[in-house]
Amino acid sequence: MLDLIFVRENLESVRTALNNRNFPTELLDKFAELDSERRRVIGEADKINQLRNSSSKEIGALMQAGKREEAEAKKAEVSGLKEKQSEFEKLRDEAETQMKYLLANLPNIPAADVPVGADETANVEIRKWGEPKQFDFEVKDHVDLGESLGILDTERATKITGSRFAILNGAGARLERALVNFMLDVHTGEHGYTETLPPFMVNRKSLFGTNQLPKFESELFHIKDEREFALIPTAEVPVTNYHSEEILEANDLPKHFTAYTPCFRSEAGSYGRDTRGLIRQHQFEKVELVKICFPENSAEEHEKLTANAETILQRLGLPYRTVVLSTGDMGFGAVKTYDIEVWLPSQNTYREISSCSNCGDFQARRMNLRFRRAGGAKPEFAHTLNGSGLAVGRTWIAVLENYQQADGSILIPEVLRPYMNGLEKIG
RNA sequence: GGAGAUGUGGCUGAGUGGCUGAAAGCGGCAGUUUGCUAAAUUGUUGAGGAUCAAAAGUCCUCCACAGGUUCGAAUCCUGUCAUCUCCGCCA
């Protein structure tokens, strides 16, 4: 959420930012009018409240002085105020709600160094690691590999649940678990993150805090229950909200969390895409990285977080490239986003395996996450960052495809072998 | 699932209708004192919003949350949520 006063004072640069994001600006067109109306009705409501408060005090004084008749006269006078009061409070609440709706639906302002462009074609590759391996046989994709090895079963998952679900078996399930443990060990042991295991369901307030609501309701799986919980689409939701509604001490910052969770996405708008295999599932596993930090450090923390995610791919020996998303391709709440894309031989291309975003104070303002600098300073909004470190399902795919052998077996990357009971090869 | 209790500021904890944005203590901050540490002592110390060029000042809102009663509510009433205790059930 953008700051009200910031929008008021920078209306044109906000408009430019929306245009660069291919975002409609009609909400913004209503801003000035709504802003002055809001201030007007707040002023009116305050004035009435002030009159009521002072009159009530007078009544109290008169009662105490024993002047009953005067008090009764005053009472009659004040009771006439009630209607007017509730009328203006209603107007005020309405204006506040409308302003909040407007602000809640405006995306974040991209950082100055984000490439301006309409879509993903304007993304800029900033580095590349590893060389795609040349195979001297015809490569198979992860579905063919996994099913012939008996470690992947999509048909039965469809029977049990539905499309876009999968079952991993035997060494396949073990590989998934090995990847999770490997990632968590590196992030906690070497990168200084604190492991956390959050709830897999969250309330609507938390979803608002991390921008899933109000705009992305349809991408969530909602629990049919009067409590209105939803399954988490990413651990970013419960973990970033960890300190919502709090004022942290300066020496509490920065906070670095890593969390392994399943993620649930309805992906309502993507029925035609990636229908085969594990690329796009309604349920997938992810190891997430979340940081809460000082505003002045968030850009640097963003670089480090991205590097932390890349480390996993390097250790696994998986070729990847990192791109910075253009203004037209980046997410709603981000100031700047790096996507890490892993090489998939079967598709002969790089595919997203991690998305690392600096959200600035956008989420912190939504969830009222603040900190106080030493010396009793005014509370300020913290900055929040998040990134996948990594999407485990897609890493599983990348391992199968990049480490496949001519006979259809899978060589297990060295770093994973200790997590797989020393197993060197599947198949 | 059943029965009961409780929800006050960073923390502990007073406060059963008006002078309470809220006693007291702790913590924090600033000063004084002490050779240092520690201690003592004085003062100060919540958040959001409106007004204002800005600051100061003034005003409004907030005692879990949402409603209600009243001229007036932290205080009375209703609902929700959370926590605790006991019983049941379960991993």
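Chain letters run A, B, ... following the sequence lines, proteins first and then strands; every chain starts at 1.
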Q) Does the side chain of Lys378(A) get closer than 4.0 angstrom to OP1 or OP2 of A47(B) through an N or O atom? A) yes
Measure the distance from [atom1] on [X] to [atom2] on [N] and round it to the nearest whole Å.
X	N	atom1	atom2	answer
Lys57(A)	C71(B)	NZ	P	19 Å
Glu9(A)	A54(B)	CD	C1'	12 Å
Asn203(A)	C81(B)	CG	C1'	11 Å
Glu96(A)	G48(B)	CD	C1'	10 Å
Arg365(A)	G49(B)	CZ	C1'	15 Å
Ile5(A)	G49(B)	CD1	P	7 Å
Arg372(A)	C11(B)	CZ	P	12 Å
Lys100(A)	G49(B)	NZ	C1'	15 Å

Q: Classify the angle between the aromatic ring planes of His142(A) and Trp396(A) as parallel (below 30°), tilted (30 to 60°) or perpendicular (above 60°).
A: perpendicular
(Q) Students often mix this up, so state it plainly: with edges at 30° and 60°, are the rings of Phe23(A) and Phe332(A) parallel, tilted or perpendicular? (A)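 If you compare the ring of Phe23(A) with that of Phe332(A), the planes turn out tilted.
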Could you measure between the two [atom1] atoms, the one in [N] and the one in [M], and give it in whole Å?
N	M	atom1	answer
U41(B)	G49(B)	C1'	38 Å
G46(B)	U20(B)	C1'	15 Å
G9(B)	C26(B)	C1'	13 Å
U80(B)	A91(B)	C1'	29 Å
G15(B)	C86(B)	P	27 Å
G21(B)	C63(B)	P	12 Å
C11(B)	G27(B)	C1'	7 Å
A14(B)	A74(B)	C1'	12 Å

Checking base pairs now: Watson-Crick or wobble, both atom distances under 3.5 Å. What partners [N]?
N	value
C71(B)	G18(B)
A47(B)	U61(B)
G88(B)	none
A55(B)	none
A38(B)	none
A66(B)	U78(B)
U83(B)	A5(B)

Would you say [Y] and [X] are linked by a side-chain donor-acceptor pair, where the criterion is simply a distance under 3.5 Å?
X	Y	result
Gln314(A)	Tyr320(A)	yes
Ser346(A)	Glu401(A)	yes
Ser298(A)	His383(A)	yes
Thr322(A)	Glu310(A)	yes

Q) Does any residue of residues 241-257 of chain A have a heavy atom under 4.0 Å from RNA chain B, and if so, which ones, in number order? A) none
Q: Give me the residues of residues 34-53 of chain A where at least one heavy atom lies under 4.0 Å from an atom of RNA chain B, by number, or none.
A: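 Close to the strand are Arg38(A), Arg39(A), Ile42(A), Asp46(A), Asn49(A), Gln50(A), Arg52(A), Asn53(A).
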Q: Go through the structure and list residues passing side chain to side chain contact (heavy atoms under 4.5 Å, CB included) with Leu197(A), not counting sequence neighbours.
A: Phe200(A)
Q. Is the count of non-hydrogen atoms from other residues, nucleotides or ligands lying under 6.0 Å from Arg276(A) atom CZ greater than 12?
A.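 Correct, the count exceeds 12.
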Q: Determine whether more than 12 heavy atoms belonging to other residues, nucleotides or ligands lie under 6.0 Å from atom OH of Tyr242(A).
A: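 Count not over threshold, so no.
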Q: May I ask you to check whether Phe371(A) and His243(A) place their ring centres under 6.0 Å from each other?
A: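 Aromatic pair excluded; centres sit 6.0 Å or further apart.
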Q: Please work out if Arg370(A) contacts a base, only the sugar-phosphate, or nothing of the nucleic acid, heavy-atom cut-off 4.0 Å.
A: sugar-phosphate
Q) Base, sugar-phosphate, or nothing: which does Lys205(A) touch, judged by heavy atoms less than 4.0 Å apart? A) nothing
Q. Starting at the 5' end of RNA chain B, which residue's closest nucleotide do you reach first, Ser54(A) or Ile59(A)?
A.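 Comparing both residues, the 5'-ward one is Ser54(A).
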(Q) Do Arg174(A) and Asn421(A) have side chains that approach each other closer than 4.5 Å (heavy atoms only, starting at C-beta)? (A)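 Sidechains of Asn421(A) and Arg174(A): in contact.
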